[in-house]
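Single-structure report; data block below.
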Number of protein chains: 2
Amino acid sequence: MVGGGQLARMTHEAGIPLGIRFRLLSDTPQDSAAQVVSDVTVGDYGDLDTLRAFAAGCDVLTFDHEHVPIEHLRALEADGVVVRPGPDALAHAQDKVLMRARLARIGAPAPRHRVVSDPADVLRFAEEGDGLPVVLKTARGGYDGKGVWVVRSTEDAEDAFRAGVPVLAEEKVDFVRELAANVVRSPHGQAVAYPVVESVQVNGVCDTVIAPAPGLSEELSARAQQLALTIARELGVVGHLAVELFEVRDADGSPQILVNELAMRPHNSGHWTMDGAATSQFANHLRAVLDLPLGDPRPRAPWTVMANVLGGDYPDMYPAYLHCMARDPGLKIHMYGKDVKPGRKVGHVNTYGADLADVRERARHAADYLRGTIDE
Amino acid sequence: MVGGGQLARMTHEAGIPLGIRFRLLSDTPQDSAAQVVSDVTVGDYGDLDTLRAFAAGCDVLTFDHEHVPIEHLRALEADGVVVRPGPDALAHAQDKVLMRARLARIGAPAPRHRVVSDPADVLRFAEEGDGLPVVLKTARGGYDGKGVWVVRSTEDAEDAFRAGVPVLAEEKVDFVRELAANVVRSPHGQAVAYPVVESVQVNGVCDTVIAPAPGLSEELSARAQQLALTIARELGVVGHLAVELFEVRDADGSPQILVNELAMRPHNSGHWTMDGAATSQFANHLRAVLDLPLGDPRPRAPWTVMANVLGGDYPDMYPAYLHCMARDPGLKIHMYGKDVKPGRKVGHVNTYGADLADVRERARHAADYLRGTIDE
C-alpha cells in the first residue's frame, strides 16, 4: 500500500487475520501506518524509481490516498505491476473535471457545473443559474475542504485560479444533508454495497457518520447503492469506492440525490464498518484488490455512529482516554498514533446499539471529551 | 510482548486501534507475530541479558507464552521493569504442582491429585481412588497435550518420570464436557468475566469452542465465572486468565465443575471474542496490562463458534481459502502466517448467529475444508 496514513494503518490491521504480507511505502518512519507495519519502505510516492523498487515483488499495489501521479501508475502497469484500483479508474478520483464529465455520460445526477476560465467567467456561471454563491474546486489536489472555495464575490473567486490548474464551478447545493454510498468491487466484478450512511460535515471535515442514514427511504437508499455500484462498474473501480452524495428536495418536494465527490480507497464515511458491519471496509478493500471473494457488508447492530476525534489544545490525550474508557466500556476507540495538533484527525470512535439517540450521544461525548471541548 | 506466536500476532492487531507502540521479542524473524509487527527484537527469551535489553524502555512487559523462567522475571522486576502478569502469579501457570496446592488453599474444586515419586507410587495413587487409568502431568513444560500421559499400566507411567521434574498424578475425570471461564483483571483490581464457553478437545488439542456453553445453567455459569474471578484475585493475575474446567456430575447427578488448567495470557478458548464479543480477549489483555479501564466482555450474537484450522496434507491453503470465503461471506477467518504442517494450528475461523446448529456447521465446514478433510 502506498501512503502511510491512518487508512493504511487500519488496512494493515484488517490484513493481519487474512494472513497476508503487507508492504508499506511511507513518507517517513513516523507516519501512522509505519508505526505498526513490519515491512516499511520510506520514500517519495511521487518518484517513479521509488515506486518501481517498492512494487517489485508485490502481488498487487493499492493506495491510502489518491495522489500518485497517473503517469507513474501507467508506467508501473507497463512494467507488469498489478495496480488496483488502476489508473483509468483513479484518474476520476484525482481530477474533478474528468469525474464530472464521465459521470454526466453515465447519467449520474450532479449539481450544475462547468469548467470556468477566470473570475469573470465564474460570475457568468453564477448568472446562468441562481447567482452567487457558487462553489469553485480545483480539478486536482483537494481534500477535507482544501481546494474548495465558496464564492460570494468576484474577489473570492481569485484564490481558486492561483494554482494554475483547471477550475470547476458548481452550484452551491441547498442540500438537506450529506450521504455516502460505499461499495466494494473486485476485479472479476463481484460487488457489495454497505448501507447508505449520513455524513455530518463541520467546516468541510467529516465529523459524524450515522449508519444507516436515519429516515432514508428504502427506495432512495437502493437508488444510492445502485448508483454507486454503477459508477464502480462503469469506471472500472477495484477496491472500495465512496460516493459522497447530497440529499436534496426537487421542485415538488421529493428527495433526490446528487453526486458530490468520489474516493477510490477506504474512506472516513466507512470507518463505522470496523465495529458496525460483518466485514469492515478495510477487509473488503483488501479482499477486492487481492481478488478474494468479498465479505458480508451487512450491519451488526441497528445503529452505528462514528465520530472523528480531532486534536484539541491538550497534546496529551491519555487522561481523557482513561476517562472515556471508564465511562463507556462499550466505546470502540481507534487511535492513529499521530501527534495531537488542533483540528487534526487523530482517531475516531465507534458506538453501536438499538437506541440511536443514546448511540449518538455516546460517540459525540467521547469525541468531544477526547478533543477537550467538554470536561464532564 | 515476549513470544512471537499467533497470540502475539493477534494482540498486536488489537493494539493498533488502542494507539499503543507494540514491541516484540521473537525467536525468529519469521514467527507469526514477527511478520506483522514493526518493532521486533529477535532473541532468546531464556537469556536474561536479552530480556533486559528488550525490556529497556518498555512501559510494561507481557507474554504470549508461559515459558520465561520465573527467576528472570524476578530479576527484571528488581531492575524496575513492570511485568504483567507478575512472577508470583505466573509461577502458578508454569508449575502444576504449585497451582494445585494454591488452588486447594483457596477452596477451588479440583480432581483428586497428589505428587507421585515413581511408577510404583502411581499405582498406590490409583489404588487410593478408583484404580487405573490415572493422568500424569509433568509439573512444568506441558501444553496442547504435551507433558500429559493417560496411564493404564505401570509401564505407561515410566515416560512421565524421564524429564526429571516433579510429576503430578490426577484422577482421570469422567467429565461430561470441558468448559472454560475466561476473565481479565487489571492491576487496580477491575475485572471482567466473559461468558463461560464449551471447549471441545480432539487428541488433547482444542478443536471447537462454543460461546456461550449450550445448556449451561445460569447458576453453574455464574459459579464458574466467580471461581475464575476469585482465582485471578487470589493469585494476583493481571491480564487474561483462562480457567479450563471439567463439567462433571456428582453422586446425585448435579452438575459440578473442577479446575483442570490455568493459562495467564490470551487463550485459544477466547479466540471467539475477536468477532463474538464487544471487546476481544486481546484488547482486554492489553487494557489490563496497561492499566486502562477494561472493555465490555458481553457477546454480540446469541451464538459464536470458533474452530481451529489445523494443517493438513496440502501445504497451499489458498484454493481452499477462496472456496470458504465464497461459500460463506460471513465467515471470519484468522490466519497466523504459519507454514502448513499436518496437525499444526495455522489459524481459526469464527462464525456467529442466532441458530447454533447452523453457526456450528459453518465453522466446522470451513475448518475441515481448509484442512482438506472434506472437499465439498
Side-chain angles (χ1 to χ4, degrees), chain A residues 6 9-10 12-22 24 29 32-40 190 192 274-275 278-279 283-284 287 291-298 300-301 317-318 321-338 346-350 352, chain B residues 6 9-10 12-22 24 29 32-40 190 192 274-275 278-279 283-284 287 291-298 300-301 317-318 321-338 346-350 352:
Chain A
Q6 63 263 28
R9 181 185 178 98
M10 295 185 275
H12 175 55
E13 181 189 341
I16 293 173
L18 291 172
I20 63 163
R21 300 286 189 123
F22 189 85
L24 185 74
S32 177
Q35 295 170 22
V36 300
V37 171
S38 76
D39 185 355
V40 180
Q190 189 192 9
V192 294
M274 299 178 83
D275 302 296
T279 313
N284 262 337
R287 287 164 77 146
D291 206 9
L292 291 164
L294 301 179
D296 184 353
R298 285 176 295 180
R300 290 200 66 176
M317 269 193 185
Y318 188 72
Y321 202 50
L322 290 178
H323 175 85
C324 289
M325 284 188 173
R327 182 181 189 267
D328 185 355
L331 182 71
K332 308 302 288 185
I333 301 183
H334 300 268
M335 300 304 284
Y336 306 155
K338 293 181 165 183
V346 294
H348 69 271
V349 295
N350 285 333
Y352 56 84
Chain B
Q6 65 263 29
R9 180 184 177 99
M10 293 185 276
H12 175 55
E13 181 188 342
I16 293 174
L18 290 171
I20 64 163
R21 300 286 188 122
F22 190 84
L24 184 75
S32 177
Q35 295 170 21
V36 299
V37 171
S38 74
D39 186 354
V40 180
Q190 189 193 7
V192 294
M274 299 177 84
D275 302 296
T279 314
N284 261 337
R287 287 164 77 146
D291 206 9
L292 291 166
L294 301 179
D296 184 354
R298 285 175 294 180
R300 291 200 67 176
M317 270 193 184
Y318 189 71
Y321 202 51
L322 290 179
H323 174 85
C324 289
M325 284 188 174
R327 181 182 190 267
D328 184 354
L331 182 71
K332 306 302 287 185
I333 301 184
H334 300 268
M335 300 304 285
Y336 304 156
K338 292 179 165 184
V346 295
H348 69 271
V349 294
N350 284 334
Y352 56 84

- Item | chain B contact via A/K338 - which portion, at a heavy-atom distance below 4.5 Å | neither

- Per-residue contact mode, A/A34 against chain B (heavy atom under 4.5 angstrom): backbone

- Note on the structure: With chain A, the option among B/H334, B/M10, B/E13 that has the most non-hydrogen atom pairs under 4.5 Å is B/E13

- Query: Is there a side-chain contact between B/H12 and A/V36 (heavy atoms, below 4.5 Å)?
  - Reply: yes

- Query: Contact part of A/I16 toward chain B, heavy-atom cut-off under 4.5 Å: side chain, backbone, both or neither?
  - Reply: both

- For the residue pair A/L322 and B/P293, establish whether any side-chain heavy-atom pair is separated by less than 4.5 Å. yes

- Pairs of heavy atoms under 4.5 Å with chain A: top-ranked of B/S32, B/A278, B/P297: B/A278

- What part of B/L294 is in contact with chain A, defined as an atom under 4.5 angstrom from a non-hydrogen atom: side chain, backbone, both or neither? backbone

- Query: For A/V40, is it the side chain, the backbone, both, or neither that has a heavy atom closer than 4.5 Å to a heavy atom of chain B?
  - Reply: neither

- Could you pull out the closest heavy-atom pair between B/K332 and A/T279, with the gap in Å? NZ-CA, 3.9 Å

- Message: I need the residue from B/D328, B/V37, B/I333 with the largest number of non-hydrogen atom pairs under 4.5 Å to chain A.
- Response: B/V37

- Heavy-atom closest contact (B/R300 atom, A/D275 atom, distance): NH1-O, 2.6 Å

- Message: If I compare all heavy atoms of A/Y321 with all of B/L292, which pair ends up nearest, and what's the gap?
- Response: CD2-CD2, 4.2 Å

- Message: Under 4.5 Å from any heavy atom of chain B, what part of A/R287 do you find: side chain, backbone, both or neither?
- Response: side chain

